[in-house]
A.B. asks: 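Supplied in structure tokens, the structure appears directly below.
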Amino acid sequence: MPAIVVLGTQWGDEGKGKATDLLGSSIDYCVRYQGGNNAGHTIVVNGEKFATHLLPSGVLTPGCTPIIANGVVIDLAALFREVDGLRDRGVDTSRLLVSADAHLITTYHVTLDKVTERFLGKNQIGTTGRGIGPAYADKINRMGVRVADLFDEKILEQKVEAALEQKNHLLVKVYNRRAIEVPAVCEELVGYADRLRPMVADTSRVINSALDEDKTVLFESAQATMLDVDHGTYPFVTSSNPIAGGVCAGAGIGPKRIDRIIGVVKAYTTRVGSGPFPTELLDQDGERLREVGAEFGTTTGRPRRCGWYDAVITRYAARLNGLTELFLTKLDVLGGWDRIPVCVGYEIDGVRHDEMPMTQSEFHHAVPVYEFFEGWGEDISACRTFEELPKAAQGYVQALEEMSGAPFWAVGVGPGREQTIVLDPGRAN
Ligand code: GDP
Ligand code: IMO
Ligand code: MG
């Protein structure tokens, strides 16, 4: 199976890094196609914990070529910080390729992200403050600076000047901040040029050639379906398309090249930042999920909002992404509950909905309709086959699979690579 997509089905942090790592040994290329250093993927290898933000998780797989494709927005300071951090820990980052067409996040994007959020007050999105939204806004507004611009200082200066002419008005007159100087921005960017140059490539061409040669290419999403700018809980979303459709534009491949689309889904639900979340638990149960599941952001350290599994969302993700399978993670976190509620539909203004409602206003009013499943007391983190799971845990997995819109490929029972039950070994490679 040469082209595989791994993406989030909920609001992020489902365990995409672990899914990528699990497929690791069979992967030749691992491609990030959207987002930036707002992502945080944790991978635990032999008890050692790694976190990736801008780099695809496949950087940790020996022999795999990590690619940052055109759809990503790149903060070069963050990129090199991450590369250096991994290199210091003995990870080989020398194969990394970066698209010449990827857009850059500059200091003015980070500043604008932060001041805009402050300005929004209680209506804020709760962004990661990494400049993601403003950088994508400039891209769509045709005022962005791209990787290739670093190698033509004259063009770079023109572009930064044009962008700042408009932004400085905003910063000074609306936000009461100091203007940002063109030379300072250009100097910083050009300072990275020599180090970046050997990594820069026509990544769409590299990826298509790899697929022509029957190499295995994995496309790893940052964020997730419900944070998709078109199909998520707008405006409480990120500014790109994590869904499978985003792979084609974000990496430069045709839709027919994709063979396998794996959705990663937690056995419960979490969300970071603002926005609707029907199954959210604001009580002790939510606190318990956060503690047991260690639900604190990999990137910002913020406590994640926690709630029960929402099958409506998974079905929606299965449909939007054309999922061929699902990877259910963190089943171990649910040990010790007498009964486990699962959201099977919503009641919205007195009407029952089995599928995602058409409008955001309806979704804001969605009250979950729960079915209850028997819990289990045993620690399942050492289980390696489906049969070893307690009967109640087997029942929970089967029930979720039936209502989630795609077959389950594997189940996670702990953060470690080996703490996984692959349900059908024939599909693992
Ligand atoms: P990502 O952004 O989707 O890659 O996910 P994060 O890394 O932000 O968050 C997922 C967290 O859950 C990480 O700390 C993983 O190590 C951890 N994790 C992944 N799968 C499992 C699992 O099956 N059980 C447990 N207990 N932790 C897991
Ligand atoms: P991974 O890849 C969870 C959320 C932010 C905020 C919204 C917009 O680890 O799953 P942004 O900075 O992107 O403009 O913020 O999106 N968000 C994430 N939530 N996991 C992530 O990444 C996220 N990346 C962004 O909290 O609500
Ligand atoms: Mg994460």
Side-chain angles (χ1 to χ4, degrees), residues 6-22 32 34-45 47-54 56-57 72-73 75 105 109-110 112-114 116-117 124-137 220-229 232-240 242 263-277 289 292-305 327-335 379-381 383 410-421:
V6 165
L7 54 82
T9 58
Q10 298 161 315
W11 279 285
D13 307 321
E14 297 89 352
K16 298 176 284 291
K18 175 170 163 167
T20 298
D21 182 57
L22 197 62
R32 271 283 302 276
Q34 47 72 231
N37 59 320
N38 48 349
H41 301 178
T42 311
I43 303 105
V44 181
V45 187
E48 202 182 341
K49 199 164 159 177
F50 293 89
T52 60
H53 298 282
L54 189 50
S57 307
V72 175
V73 284
D75 180 328
I105 300 180
H109 295 122
V110 178
L112 277 170
D113 193 359
K114 289 180 177 157
T116 312
E117 280 283 273
Q124 66 178 217
I125 311 290
T127 72
T128 58
R130 301 296 194 264
I132 306 293
Y136 276 115
E220 183 188 54
S221 87
Q223 295 86 47
T225 305
M226 298 302 283
L227 288 172
D228 186 277
V229 68
T233 45
Y234 191 90
F236 302 101
V237 291
T238 193
S239 301
S240 62
V264 187
V265 63
K266 256 182 230 193
Y268 51 97
T269 312
T270 64
R271 166 159 215 178
V272 192
S274 321
F277 178 179
L289 282 175
V292 180
E295 296 295 354
F296 297 89
T298 310
T299 296
T300 58
R302 287 179 287 178
R304 294 173 180 154
R305 299 158 64 192
F327 178 21
L328 182 74
T329 59
K330 302 194 106 166
L331 184 67
D332 52 302
V333 173
L334 292 182
D379 174 5
I380 61 167
S381 61
C383 295
V411 178
V413 292
R417 185 186 286 175
E418 69 297 345
Q419 290 179 299
T420 308
I421 297 172

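Counting starts at 1 for both ligands and their atoms, in listed order. No hydrogens, no waters, no symmetry mates; every other heavy atom, side chains included, goes into these values. Sequential numbering from 1 along the given sequence is applied to the chain's residues.
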A.B. asks: Between P134 and L112, which heavy-atom pair has the shortest distance, and what is it?
C.D. replies: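 Taking P134 first and L112 second, the nearest heavy atoms are CG-CB, 4.0 Å.
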A.B. asks: Check contact between R302 and ligand 2, using heavy atoms of the residue and a distance below 4.0 angstrom.
C.D. replies: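 It does, in that a heavy atom of R302 comes within the 4.0 Å cut-off of ligand 2.
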A.B. asks: Please check: side-chain N/O of T233 versus main-chain N/O of M226, any donor-acceptor pairing under 3.5 Å?
C.D. replies: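 Present.
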A.B. asks: Look only at the side chain of Q10 and the backbone of K266, and say whether a donor-acceptor pair between them is shorter than 3.5 Å.
C.D. replies: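 Yes: the side chain of Q10 pairs with the backbone of K266.
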A.B. asks: State the atom name: nearest N, O or S atom of D13 to the Mg ion (ligand 3).
C.D. replies: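 It is OD1, the N, O or S atom of D13 closest to the Mg ion (ligand 3).
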A.B. asks: Name the closest protein heavy atom to atom 27 (N) of ligand 1, giving the residue it belongs to and the distance to 0.1 Å.
C.D. replies: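 Minimum-distance protein heavy atom for atom 27 (N) of ligand 1 reads K330 CE, 3.3 Å.
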A.B. asks: Ignoring angles and geometry beyond distance, decide whether G40 reaches within less than 3.5 Å of ligand 2 through its nitrogen or oxygen atoms.
C.D. replies: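 Yes - when backbone and side-chain N and O of G40 are compared with those of ligand 2, one distance drops under 3.5 Å.
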A.B. asks: Report yes or no: does a heavy atom of Q10 sit under 4.0 Å from some atom of ligand 1?
C.D. replies: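 Per 4.0 Å heavy-atom rule, Q10 does not contact ligand 1.
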A.B. asks: Using a cut-off of 6.0 Å, state whether more than 12 heavy atoms not belonging to F296 lie near its atom CZ.
C.D. replies: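 Yes, because the 6.0 Å sphere around CZ of F296 holds more than 12 heavy atoms from other groups.
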A.B. asks: Strictly by modelled atom types, are T128 and R130 linked by a side-chain donor-acceptor pair under 3.5 Å?
C.D. replies: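 No, no side-chain donor-acceptor contact under 3.5 Å.
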A.B. asks: Closer than 4.0 Å to some heavy atom of W11 - which atoms of ligand 2 meet that?
C.D. replies: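 Under 4.0 Å from W11, ligand 2 has these atoms: 3 (C), 19 (N).
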A.B. asks: Does ligand 2 come near enough to T128 that some N or O of the ligand is less than 3.5 Å from an N or O of the residue?
C.D. replies: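 It does: an N or O of T128 is found under 3.5 Å from an N or O of ligand 2.
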A.B. asks: Report the C-alpha distance between V44 and Q419 in whole Å, list the side-chain angles of each, state the deciding distance to 0.1 Å, and finish with yes or no for side-chain contact (heavy atoms from CB on, under 4.5 Å).
C.D. replies: CA-CA 10 Å; V44 181; Q419 290 179 299; over 6 Å; no
A.B. asks: How far is atom 13 (O) of ligand 2 from the closest protein heavy atom, and which atom is that?
C.D. replies: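 Protein heavy atom with the smallest distance to atom 13 (O) of ligand 2: T238 OG1, 2.6 Å.
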A.B. asks: CG of L334 to CG of L289: how many Å apart, nearest 0.5 Å?
C.D. replies: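 Answer rounded to 0.5 Å: 6.5 Å.
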A.B. asks: Got an N/O contact under 3.5 Å between H41 and ligand 2?
C.D. replies: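 N/O-N/O distance below 3.5 Å exists for this pair.
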A.B. asks: Given 3.5 Å as the limit, does a donor-acceptor pair link the side chain of T238 with the main chain of D228, or not?
C.D. replies: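 Pair absent, no side-chain N/O of T238 close to backbone of D228.
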A.B. asks: With no hydrogens and no angle check, is any side-chain donor or acceptor of T329 less than 3.5 Å from a backbone partner on E14?
C.D. replies: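 Checked: pair present.
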A.B. asks: Could you tell me the residue and atom name of the protein heavy atom closest to atom 16 (O) of ligand 1, and the distance to it rounded to 0.1 Å?
C.D. replies: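 So the nearest neighbour among protein heavy atoms is P415 CB, 3.6 Å.
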A.B. asks: Test your reading of the structure: does Q223 have an N or O sitting under 3.5 Å from an N or O of ligand 2?
C.D. replies: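 Yes; the residue has a nitrogen or oxygen that sits under 3.5 Å from a nitrogen or oxygen of the ligand.
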A.B. asks: Backbone, side chain, both or neither: what part of F236 comes under 4.0 angstrom of ligand 2, heavy atoms only?
C.D. replies: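 Contact part for F236 vs ligand 2: neither.
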A.B. asks: Compute the shortest N/O to N/O distance between G12 and ligand 2 and return yes if it is under 3.5 Å, no if not.
C.D. replies: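 No: no nitrogen or oxygen of G12 is under 3.5 Å from one in ligand 2.
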A.B. asks: Just checking: G40, one of its N/O/S atoms, less than 2.8 Å away from the Mg ion (ligand 3), yes or no?
C.D. replies: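 Given the 2.8 Å cut-off, G40 counts as a ligand of the Mg ion (ligand 3).
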A.B. asks: For the 3.5 Å polar cut-off, considering only N or O atoms, please tell me whether G15 and ligand 1 meet it.
C.D. replies: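 It does: an N or O of G15 is found under 3.5 Å from an N or O of ligand 1.
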A.B. asks: To the nearest 0.5 Å, what is the distance between CD1 (I43) and OG1 (T20)?
C.D. replies: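 The CD1 atom of I43 sits 7.5 Å away from the OG1 atom of T20.
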A.B. asks: Please report the closest heavy-atom contact between L7 and S221, naming both atoms and the distance.
C.D. replies: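 So the two residues come closest at CA-OG, 3.3 Å.
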A.B. asks: Where the closest heavy atom to atom 4 (C) of ligand 2 is concerned, which of T299, T298, L227, T42 has it?
C.D. replies: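 It is L227 whose heavy atom sits nearest to atom 4 (C) of ligand 2.
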A.B. asks: Can you tell which of G273, P242, G126 gets a heavy atom nearest to atom 5 (C) of ligand 2?
C.D. replies: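 It is G126 that holds the nearest heavy atom.
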A.B. asks: Pick one of side chain, backbone, both or neither for how K18 approaches ligand 1, counting any non-hydrogen atom pair under 4.0 Å.
C.D. replies: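 Side chain only.
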A.B. asks: Nearest protein heavy atom to atom 13 (C) of ligand 1, by residue and atom, and its distance?
C.D. replies: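 Sorting protein heavy atoms by distance from atom 13 (C) of ligand 1 puts T42 CB, 3.5 Å first.
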A.B. asks: Going by the atom numbers of ligand 1, which of them fall below 4.0 Å from some non-hydrogen atom of G412?
C.D. replies: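 Once the distances to G412 are compared, the set is 23 (O).
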A.B. asks: Any non-hydrogen atom of G8 lying under 4.0 Å from ligand 1?
C.D. replies: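 The answer is no: ligand 1 sits nowhere under 4.0 Å from a heavy atom of G8.
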A.B. asks: With backbone taken as N, CA, C and O and side chain as the heavy atoms from C-beta onward, which portion of V413 lies under 4.0 Å from ligand 1: side chain, backbone, both, or neither?
C.D. replies: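 Looking at V413 and ligand 1, just backbone atoms fall under 4.0 Å.
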A.B. asks: Under 3.5 Å between some N or O of ligand 1 and some N or O of V333?
C.D. replies: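 N/O-N/O distance below 3.5 Å does not exist for this pair.
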A.B. asks: Using distance alone, determine whether Q419 and ligand 1 share an N or O pair under 3.5 Å.
C.D. replies: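 No.
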A.B. asks: Under 3.5 Å, is there a donor on one side chain and an acceptor on the other for S274 and R305?
C.D. replies: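 Side-chain D/A pair, S274 to R305: absent.
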A.B. asks: For ligand 1, is G12 a contact, meaning one of its heavy atoms is under 4.0 Å away?
C.D. replies: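 Judged by the 4.0 Å heavy-atom criterion, G12 does not count as contacting ligand 1.
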A.B. asks: For D113 and ligand 2, does the shortest N/O to N/O distance drop below 3.5 Å?
C.D. replies: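 No, since none of the N or O atoms of D113 sits under 3.5 Å from an N or O of ligand 2.
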A.B. asks: How far is atom 6 (P) of ligand 1 from its nearest protein heavy atom, and which residue and atom name does that atom have?
C.D. replies: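 Looking at atom 6 (P) of ligand 1, the protein heavy atom closest to it is G40 O, 3.6 Å.
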A.B. asks: Backbone or side chain, does any N or O of T127 fall under 3.5 Å from an N or O of ligand 2?
C.D. replies: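 So ligand 2 has no N or O lying under 3.5 Å from an N or O of T127.
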A.B. asks: Is any N or O atom of T329, backbone or side chain, closer than 3.5 Å to an N or O atom of ligand 1?
C.D. replies: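 T329 vs ligand 1: no N/O contact under 3.5 Å.
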A.B. asks: Could you state the interatomic distance from NZ (K16) to CG (D21), rounded to the nearest 0.5 Å?
C.D. replies: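 Interatomic distance, K16 NZ to D21 CG, rounded to 0.5 Å: 14.5 Å.
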A.B. asks: May I ask you to check whether E14 has an N/O atom sitting below 3.5 Å from an N/O atom of ligand 2?
C.D. replies: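 Not met; the criterion fails.
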A.B. asks: Would K16 count as a contact residue for ligand 2, given that I'm defining contact as a non-hydrogen atom of the residue lying under 4.0 Å from a ligand atom?
C.D. replies: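 It does, in that a heavy atom of K16 comes within the 4.0 Å cut-off of ligand 2.
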A.B. asks: Checking E295 side chain against P303 main chain: does a donor-acceptor pair fall under 3.5 Å?
C.D. replies: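 No; zero donor-acceptor contacts below 3.5 Å.
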A.B. asks: Can you list the ligand 2 atoms lying under 4.0 Å from a non-hydrogen atom of D13?
C.D. replies: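 So the atoms of ligand 2 that pass are 1 (P), 3 (C), 9 (O), 10 (O), 20 (N).
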A.B. asks: Out of all atoms in ligand 1, which are within 4.0 Å of some heavy atom of G17? Include the element for each.
C.D. replies: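 Once the distances to G17 are compared, the set is 4 (O).
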A.B. asks: Nearest protein heavy atom to atom 22 (C) of ligand 1, by residue and atom, and its distance?
C.D. replies: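 I find the closest protein heavy atom is G414 O, 3.1 Å.
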A.B. asks: Under a 3.5 Å distance rule, please check whether R32 uses its side chain to pair with a backbone N or O of Q34 as donor and acceptor.
C.D. replies: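 The answer is yes, because a donor-acceptor pair under 3.5 Å joins these two groups.
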A.B. asks: Tell me which one of I421, D13, V264 gets a heavy atom nearest to atom 9 (O) of ligand 1.
C.D. replies: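 Answer by nearest heavy atom: D13.
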A.B. asks: So which atom in L227 and which in V237 form the shortest heavy-atom distance, rounded to 0.1 Å?
C.D. replies: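 Closest heavy-atom pair between L227 and V237: O-CB, 3.2 Å.
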A.B. asks: Please answer whether the main-chain N or O of S57 pairs with a side-chain N or O of E220 as donor and acceptor at a distance below 3.5 Å.
C.D. replies: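 Yes.
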A.B. asks: Distance-only, no hydrogens or angles: does the T42 side chain make a donor-acceptor pair with backbone N or O of A51 under 3.5 Å?
C.D. replies: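 Side chain of T42 to backbone of A51: no pair is present.
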A.B. asks: Will you find, in the side chains of T127 and D113, an N or O donor that is under 3.5 Å from an N or O acceptor?
C.D. replies: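 Present: a donor and an acceptor within the cut-off.
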A.B. asks: Classify the contact between D332 and ligand 1 as side chain, backbone, both or neither, using a heavy-atom distance cut-off of under 4.0 Å.
C.D. replies: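 Contact part for D332 vs ligand 1: side chain (C-beta onward).
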A.B. asks: May I ask you to list the atoms of ligand 2 that are less than 4.0 angstrom from any heavy atom of V237?
C.D. replies: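 Those qualifying, in numeric order: 7 (C), 8 (C).
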A.B. asks: May I ask you to identify the nearest protein heavy atom to atom 27 (O) of ligand 2, giving residue, atom name and distance to one decimal place in Å?
C.D. replies: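 Going by distance alone, atom 27 (O) of ligand 2 is nearest to V272 O, 3.1 Å.
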A.B. asks: Under 4.0 Å, heavy-atom basis, I'd like to know which part of R304 is in contact with ligand 1: side chain, backbone, both or neither.
C.D. replies: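 The side chain, only.
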